[in-house]
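These notes concern the structure reproduced below.
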Amino acid sequence: MLDLKFIRKNPDVVRAALEKRGFDFDLARLLDADEEWRQMLFTVEQLKNRRNAVSEEIARLKKERHPADDLITQMREVSQRIKDLDEDIRRVDERLQDMLLQIPNIPQASVPFGRDESDNQEVRRWGEPPQFTFEAKAHWDVGEGLDIVDFQRGGKVSGARFSFMKGAGARLERALINFMLDLHITRHGYTELFPPFLVNGQSMVGTGQLPKFAEDMFKIENNDYYLVPTAEVPVTNFLRDEILDAEVLPIRYVAYSACFRAEAGAAGRETRGLIRQHQFNKVEMVKFCKPEESNEELEKLVHDAEEVLQLLELPYRIIVLCTGDLGFSSSKTYDLEVWMPSYQGYKEISSCSNFTDFQARRAGIRYRPQPRAKAEFVHTLNGSGIAVGRTVAAILENYQDADGSVTIPKALVPYMGGMTRIKVL
RNA sequence: GGAGAGAUGGCCGAGUAGGUCGAAGGCGCUCGCCUGCUAAGCGAGUAGAUGGGCAUAAUCCUGUCUCGAGGGUUCGAAUCCCUCUCUCUCCGCCA
């Protein structure tokens, strides 16, 4: 969320940012509510001041055994007015907060302007898409041919967009998780966390999934629990409502989690294969840093994610999202897209974002720039490091052979117990 | 799931016949003094949020709110009542 004071002082900046995003929001209503709220607050504070002063006076009089009945009668009325006003203020404040939570982050100046994903800009490419001398199959056909992925039984046991991994496929999934985590903790300086997969509503508000995107999530009935859509949620909220010392920054965490998404708006899209499932595995990197460091940390974050693909020798490109395609909480986002032969194109496999102080303000994560200074909001960032299911899909497609078998990327062989190929039986 | 105990400032910890309690005391921390050095000692200062004086920053002065959260009683609540959350102990169940 944005700073209300900032909005008050720079309504034009906010309006321009909303415009660039193509985001519809009535800023005037918010400013009116803010004005109303401040007026009422001023009035009620004066009344409370009076009440406090008179209450002290009453205490003094009683101590000296003087009567205070007149004052008490007077104050009875003042107290009632305060109660009524407080209730009005609470209502306006609630409206104000609701509106504030609906406003997206302000895109950085370096984010290209654009309407939708077609305006995203490519930053760089790595690797060459493989040339096949045979007709390359889509990963779901490769996987089913090897009997390592089972969509049929996933559908029977759970439903559409669920699947089983089996045999070498299950092991590949697990190997990738370990490979990615090991890379980030040993070479990129991250501390590993293993988070809860259910979080409360407050955490969802902290990272920006709620209140606006409730329909994208799975909620547990009769409890304030949501299945995490990404480890970003529990890991960012790990430090919620805390004040950190400056010297502990930057903090870098990496966490594996299963991710659960309702995919409410994706009906009919990518219904086959591992690309869009209700449950998938992901390794996520999360950073907390000083404001002046966050853009540099974003670049490093992208490199950390890239290295996974480089070591797996999977061709990819990096794009920077335009203003119209930028996520709600993000100020700037790079996507990593891996080459997928079945698409004859690049497919998102990681998303790395700088949220500036947007999440930190919602989640109350602050630090002291100097030992005794006023606490300020940190900047938070996160990026997939990387999506495991899509990596499996990319390996099955890019590493397939004419006979339907799949070569294991070299970096993964130790994690596969020395296995170098998944062969057709 | 059952029974009980608890939640106070950076930490520990007082505070029940409701009234100078935003809160004793200690530890820690900061500044100063003292001292060959260190240790010890002495003095002072040390919660957060938000608004106003203030037109920009610092300082200063000042209002309001905050003693797990929310509500109630009262002129007045850390203290009384209700609801909830979390932590701890014991029992049950369980991977």
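Only a predicted model underlies this, so the values are computations on that prediction, with no experimental measurement involved. The analysis underlying the following values was restricted to heavy atoms, covering all of them including side chains, and did not include hydrogens, waters or symmetry mates. Below, chain A is the first sequence line, B the second, and so on; all start at residue 1.
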Point to revise | Atom C1', compared across B:U16 and B:A77: separation rounded to whole Å | key: 12 Å

Review point. Applying a 3.5 Å limit to both distances, which nucleotide forms a Watson-Crick or G-U wobble pair with B:G28?
Key: B:U46

Review point. Do any side-chain nitrogens or oxygens of A:Asn200 fall under 4.0 Å of OP1 or OP2 in B:C86?
Key: no

**Study point:** Contact nearer the 5' end of RNA chain B, comparing A:Ala59 with A:Trp37
**Key:** A:Ala59

Check your understanding: NA contact type, A:Ile58, heavy-atom cut-off 4.0 Å: base, sugar-phosphate, or nothing?
Key -> base

Point to revise | Euclidean distance, atom CD1 of residue A:Ile89 to atom P of B:U64 [Å, nearest integer] | key: 14 Å

Check your understanding: Which base, if any, makes a Watson-Crick or G-U wobble pair with B:C60, both distances under 3.5 Å?
Key -> B:G53

Study note, to complete from the structure: To the nearest angstrom, the CZ-P distance between A:Arg50 and B:U62 comes to 22 Å

Check your understanding: Does B:C80 pair with anything, Watson-Crick or G-U wobble, both distances under 3.5 Å, and if so, with which nucleotide?
Key -> B:G72

Check your understanding: Does OP1 or OP2 of B:U73 have a side-chain N or O of A:Lys83 closer than 4.0 Å?
Key -> yes

Point to revise | Residues, nucleotides or ligands: over 12 heavy atoms within 6.0 Å of A:Asp24 CG | key: no

Practice item. To the nearest Å, give me how far apart CG (A:Leu47) and P (B:G63) are. Key: 16 Å

Review point. On a whole-Å scale, what distance lies between the C1' atoms belonging to B:A24 and B:C67?
Key: 14 Å

Exercise for review: Quickly, which of A:Thr391, A:Leu312, A:Leu309, A:Ile395 forms a side-chain contact (heavy atoms from CB on, under 4.5 Å) with A:Val338? Name it, please.
Suggested key: A:Leu309

Check your understanding: Is B:U20 paired to anything, Watson-Crick or G-U wobble with both distances less than 3.5 Å, and if yes, which nucleotide?
Key -> none

Point to revise | Any strand: nucleotide that pairs with B:U87 via Watson-Crick or wobble, under 3.5 Å | key: B:A5

Check your understanding: Got a second to check how far A:Thr236's OG1 is from A:Gln359's CD, nearest 0.5 Å?
Key -> 5.0 Å

Review point. Can you tell me how far the CD1 atom of A:Ile349 sits from the CD atom of A:Glu337, to the nearest 0.5 Å?
Key: 10.5 Å

Point to revise | Nearest-0.5 Å distance, CG of residue A:Asn52 to CD of residue A:Glu45 | key: 11.0 Å

Practice item. Could you let me know what B:U35 is paired to, Watson-Crick or G-U wobble, both distances under 3.5 Å, or none if it's on its own? Key: none

Check your understanding: With a 4.0 Å cut-off on heavy atoms, is A:Arg51 in touch with a base, just the backbone sugar-phosphate, or nothing at all?
Key -> sugar-phosphate

Review point. Atom NZ of A:Lys62 and atom P of B:U74: how far apart are they, to the nearest Å?
Key: 14 Å

Check your understanding: Rounding to a whole Å, what distance do you find between A:Asp245:CG and B:C11:C1'?
Key -> 14 Å

Check your understanding: P atom, B:G10 versus B:A17: distance in rounded Å?
Key -> 28 Å

**Study point:** Interatomic distance at C1', B:U8 relative to B:A23, whole Å
**Key:** 8 Å

Check your understanding: Can you check the A:Ile72 CD1 to B:G18 P distance for me, whole Å?
Key -> 15 Å

Point to revise | Below 4.0 Å: OP1/OP2 of B:G51 and any side-chain N or O of A:Lys5 | key: yes

Review point. Side-chain N or O of A:Asn49 less than 4.0 angstrom from OP1 or OP2 on B:G63?
Key: no

Practice item. With P as the reference atom in both, quote the distance from B:C82 to B:A95 in angstrom, rounded to an integer. Key: 39 Å

Point to revise | Nearest-Å distance once atom P is located in both B:U83 and B:U64 | key: 32 Å

Check your understanding: Any ion pair linking A:Lys287 and A:Glu293 (charged N to carboxylate O, less than 4.0 Å)?
Key -> no

Check your understanding: If you find the nucleotide of RNA chain B closest to A:Arg90 and the one closest to A:Ala375, which residue's nucleotide is nearer the 5' end?
Key -> A:Ala375

Check your understanding: So which of A:Gln108, A:Lys300, A:Lys332, A:His379 actually passes side chain to side chain donor-acceptor pair (under 3.5 Å) with A:Asn295?
Key -> A:Gln108

Exercise for review: Please state whether the base of B:G51 and the side chain of A:Glu45 form at least one donor-acceptor pair under 3.5 Å?
Suggested key: no

Exercise for review: May I ask you to evaluate whether A:Thr73 reaches the phosphate of B:C75, defined as a side-chain N or O under 4.0 Å from OP1 or OP2?
Suggested key: no

**Study point:** Any A:Asn52 side-chain nitrogen or oxygen under 4.0 Å from OP1 or OP2 of B:G63
**Key:** no

Check your understanding: Say you pick atom C1' in B:U66 and the same atom in B:G9; how far apart are they, in whole Å?
Key -> 11 Å

Practice item. Give the rounded distance in Å between these two atoms: CG of A:Asp93 and C1' of B:G51. Key: 14 Å

Check your understanding: Looking at RNA chain B, which of residues 355-369 of chain A put a heavy atom within less than 4.0 Å of it?
Key -> A:Arg366

Check your understanding: With no hydrogens and no angle check, is any side-chain donor or acceptor of A:Arg390 less than 3.5 Å from a backbone partner on A:Glu348?
Key -> yes

Exercise for review: Considering only NZ, NE, NH1 and NH2 on the basic side and carboxylate oxygens on the acidic side, decide whether A:Asp88 and A:Arg91 come within less than 4.0 Å.
Suggested key: yes

**Study point:** Whole-Å C1' distance, B:G43 and B:C34
**Key:** 11 Å

Check your understanding: What's the CD-C1' distance between A:Gln39 and B:U64, to the nearest Å?
Key -> 16 Å

Check your understanding: Is any side-chain nitrogen or oxygen of A:Arg76 closer than 4.0 Å to OP1 or OP2 of B:C75?
Key -> yes

Check your understanding: Touch check for A:Lys63, heavy atoms < 4.0 angstrom, all strands: base, sugar-phosphate only, or nothing?
Key -> nothing

Revision key, fill the gap. For B:C94, the nucleotide meeting Watson-Crick or G-U wobble distances (both under 3.5 Å) is none

Study note, to complete from the structure: When A:Arg269, A:Arg276, A:Gln277, A:His278 are each screened for side chain to side chain donor-acceptor pair (under 3.5 Å) with A:Glu263, the one that passes is A:Arg276

